[in-house]
Amino acid sequence: MRIVTYTTPPVKLAASTLKELPIPGPSYNRDEIQVGIVHFGVGGFHRAHQATYVDQLLEQGLASDWGICGVGVLPSDRKMADVMAAQDGLYTLLLVHPDGKREARVIGSIVDYRFAPDDPDGVIELLASPSTRIVSLTITEGGYDIEAVPELNVFGLVTEALSRRRDRGLGAPTIVSCDNIEGNGEVARQAFTTYADRRHPGLGDWIAANVRFPNSMVDRITPVTTPDVIATVESEFGVADQWPVVAEPFTSWVLEDSFSDGRPPYEDAGVMLVDDVTPYELMKLRLLNASHQALCYFGYLAGYRLVHDAASDPLFAEFLLAYMDSEATPTLQPVPGIDLGDYKRTLIERFANPGVRDTIARLCFGSSDRIPKWLLPVVRENLKTGAPVRLSAAVVASWARYAEGVDEQGEPIDVQDQLAETLVPLARSQREHPTAFIENTALFGDLAAAPRFVDDYLWALDSLHRHGARATLESLRP
């Protein structure tokens, strides 16, 4: 592969410098694009995924009414607001292939960005505008707990806007959850209607009758942007971008075709529009997302820090395939148009892509939001049918061992989880009380009373304590 290193100063990314860029960028006139989509949670994934699909449509001249306005609500979103303002919403998408090839393009579909704490009423009015026909969300798996949301939040802003729409006799938008939750549209519907009724009694009924909440499945591995990514975009592509995003070439979006007030022609950008997302959703959550969990704790304990290094280890690859084949796949529905065998093999190849440089720590983040949604449904279904749960139980045990906060060399582990203050003490008590971790009914329900799961879990936890991660995986081989 030939890598070009630019010796001239990189072009500072902004609307005024688009024609000077040495890489492809928007050929459409961004000044003529109207906001039709308001998106909460403009992070790496949204910019590598949904915004990229809209950018493709804009390039084809098919979505001039569907530009995106990003909205940040958290204090941590201030940095994104500053970068979006400095770069006029533009950013570089860097795709990294397994063979080392890299491609870069400037994405222009985010034509506005609002930091809600600066002007909450302005955001509400934008959401209440008839031109806003889709509100989309990437607010993380834990973002739908309306009991835990801060005072200024997505639900408050959207609910107030919907109340104004109702009072003004305006139509309703579509709310599209793009988070990794089974039945994400239904979860969003429940959260918004419940929250709305608390703030405006009766509004929940109006929302239920008028707002559509399509389910969706989204898929593209997108690691955190590091200084190395910023440096690569500058040195190899000649663009000074404060916050580019890096992703794998693979991308998929399966979307329920149920919208309140029209939609972009997503199918022209490769989105699969279907009547029922459920089979695709279960496939992705129980194969890709749960496999990430199967990889990360064992991987960290074994000394790996990068996902591709662990996934390239035959022992780990064999364990992931065994989990997918023997425990996850039997819980899936038929998936129209998908060869599951090929999908599973491709997953291992995607995990092992060295260019992505995804970190084990990213996969370990927020485990208490992830394991219950992605892995435990596999356990419960297999317990009902009598299918094996040995490998899934071992994954839970690897999380419990990781949550002790000390690795196999005695070095501290920084357990990043909203429930860390509860989970770490529980994990540290399990050498004396082995089921302490899984007795947390808020996370595990009644699994601590399921003998078959408990037996497999206790064996794995004991093996992790006595012999370590690699030896435990060796013992789990068929």
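Below, each value reflects all heavy atoms present in this structure, side chains not excepted, and no hydrogens, waters or symmetry copies.
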If you define the side chain from C-beta out and look only at heavy atoms, does anything of L340 sit under 4.5 Å from M283? yes
Test Y304 against F316 for ring pair (Phe, Tyr, Trp, His ring centres under 6.0 Å), laying out the working first. CA-CA 11 Å; Y304 288 116; F316 282 79; 5.5 Å; yes
Measure from the side-chain N and O atoms of N210 to the backbone N and O of G171, and report whether any donor-acceptor pair falls under 3.5 Å. no
Would F237 and T92 count as a side-chain contact (heavy atoms from CB on, under 4.5 Å) if you check the C-alpha gap in whole Å, the side-chain angles of each, and the deciding distance to 0.1 Å? CA-CA 10 Å; F237 297 98; T92 308; over 6 Å; no
side-chain contact (heavy atoms from CB on, under 4.5 Å) evaluation trace for L363 with Y300: CA-CA 10 Å; L363 303 190; Y300 195 99; over 6 Å; no
Heavy-atom donor-acceptor pair, S216 side chain to S177 backbone, under 3.5 Å: yes
Between R102 and L95, is there a donor-acceptor pair closer than 3.5 Å when you use the side chain of the first and the backbone of the second? no
Among residues at least two apart in sequence or on other chains, which ones pass side-chain contact (heavy atoms from CB on, under 4.5 Å) with T359? L306, A361, R362
Do Q430 and E404 have side chains that approach each other closer than 4.5 Å (heavy atoms only, starting at C-beta)? yes
Got T52 and R105 here, is their nearest side-chain heavy-atom distance under 4.5 Å? no
Which atom of S109 lies closest to which atom of D55, heavy atoms considered: CB-N, 3.7 Å
Is it the case that R189 places NZ or CZ above or below the six-membered ring of F213, under 6.0 angstrom from the centre and within 45 degrees of the axis? no
With a 6.0 Å cut-off (strictly less than), is the heavy-atom count around CG of D339, excluding the residue itself, greater than 12? yes
Heavy-atom pair with the smallest gap, counting every atom of L391 and Y323: CD1-N, 3.5 Å
Distance check, rounded to the nearest 0.5 Å: H292 atom NE2 versus L375 atom CG? 14.0 Å
Assess the side chains of S367 and Q293: does a donor N or O sit below 3.5 Å from an acceptor N or O? no
For R286 versus W374, what's the shortest heavy-atom pair and its separation? CG-O, 4.0 Å
For E248 and N353, indicate whether the former's side chain and the latter's backbone hold a donor-acceptor pair under 3.5 Å. no
Run through Y297, F365, F298 and flag the one making a ring-ring contact (aromatic ring centres under 6.0 Å, His included) with Y402. Y297
Identify the two heavy atoms, one from P377 and one from P372, that lie closest to each other, and give their separation to 0.1 Å. CD-O, 3.3 Å
Are the side chain of Y266 and the backbone N or O of V254 linked by a donor-acceptor pair below 3.5 Å? no
Taking all atoms of both residues into account, what is the closest heavy-atom pair of N215 and E186, and its distance? OD1-N, 3.4 Å
Any donor and acceptor pair, going by atom type alone, linking the side chain of D369 with main-chain N or O of E141 inside 3.5 Å? no
Find out whether I221 and V307 are in side-chain contact, i.e. whether some heavy atom of one side chain is under 4.5 Å from a heavy atom of the other. no
Distance from Y343 atom OH to I348 atom CD1, nearest 0.5 Å? 11.0 Å
Separation of D65 CG from I33 CD1 (nearest 0.5 Å): 8.5 Å
Check: D309 main-chain N/O paired with S312 side-chain donor or acceptor under 3.5 Å: no
Can you say whether the rings of F444 and W399 are parallel (under 30°), tilted (30 to 60°) or perpendicular (over 60°)? tilted
Within the side chain of S291, is there an N or O that forms a donor-acceptor pair under 3.5 Å with the backbone of L320? no
Take R477 and L315, measure what side-chain contact (heavy atoms from CB on, under 4.5 Å) needs, and give me the verdict at the end. CA-CA 9 Å; R477 281 177 156 162; L315 178 63; 3.7 Å; yes
Six-ring centre of F250, R220 cation under 6.0 angstrom, axis tolerance 45°: no
Modelled atom types, side-chain donor and acceptor of S64 and Y28, under 3.5 Å: no
Test side-chain contact (heavy atoms from CB on, under 4.5 Å) applied to N382 - qualifying residues, sequence neighbours left out: E327, T331, V378, T385, A387, V389
I'd like to know if the side chain of T193 reaches the main chain of Q190, judged simply by a donor and an acceptor atom lying under 3.5 Å from each other, with no hydrogens or angles considered. yes
Compare all side-chain heavy atoms of Y280 with those of L255 and state whether any distance is below 4.5 angstrom. no
So, H39 and T138: side-chain donor and acceptor under 3.5 Å apart, yes or no? yes
Please find the pair of heavy atoms, one from L464 and one from A469, that lie closest to each other, and give the distance. CD2-CA, 3.7 Å
Gap separating the CG atom of D228 from the CZ atom of R357, nearest 0.5 angstrom: 7.0 Å
Value rounded to 0.5 Å, distance of CZ in F453 from CG in L458: 9.0 Å
Can you name the residues that form a side-chain contact (heavy atoms from CB on, under 4.5 Å) with P354, not counting sequence neighbours? H308
Rounded to the nearest 0.5 Å, how far apart are OH of Y195 and CG of N153? 4.0 Å
Take V187 and D179 through the side-chain contact (heavy atoms from CB on, under 4.5 Å) test and state the conclusion after the steps. CA-CA 10 Å; V187 171; D179 286 298; over 6 Å; no
Indicate whether any N or O donor in one side chain lies under 3.5 Å from an N or O acceptor in the other, for K284 and N180. yes
Output, in order, the C-alpha distance, side-chain angles, deciding distance and verdict of salt bridge (charged side-chain N to carboxylate O under 4.0 Å, His left out) for E408 and R470. CA-CA 11 Å; E408 293 180 2; R470 289 198 70 87; over 6 Å; no
For E439 and T435, does a side-chain donor sit closer than 3.5 Å to a side-chain acceptor? yes
Cation-pi geometry met for R390 and W459 (6.0 Å, 45°): yes
Min side-chain heavy-atom separation K373-E182 under 4.5 Å: no
Has N184 got a side-chain atom pairing as donor or acceptor with C178's backbone, closer than 3.5 angstrom? no
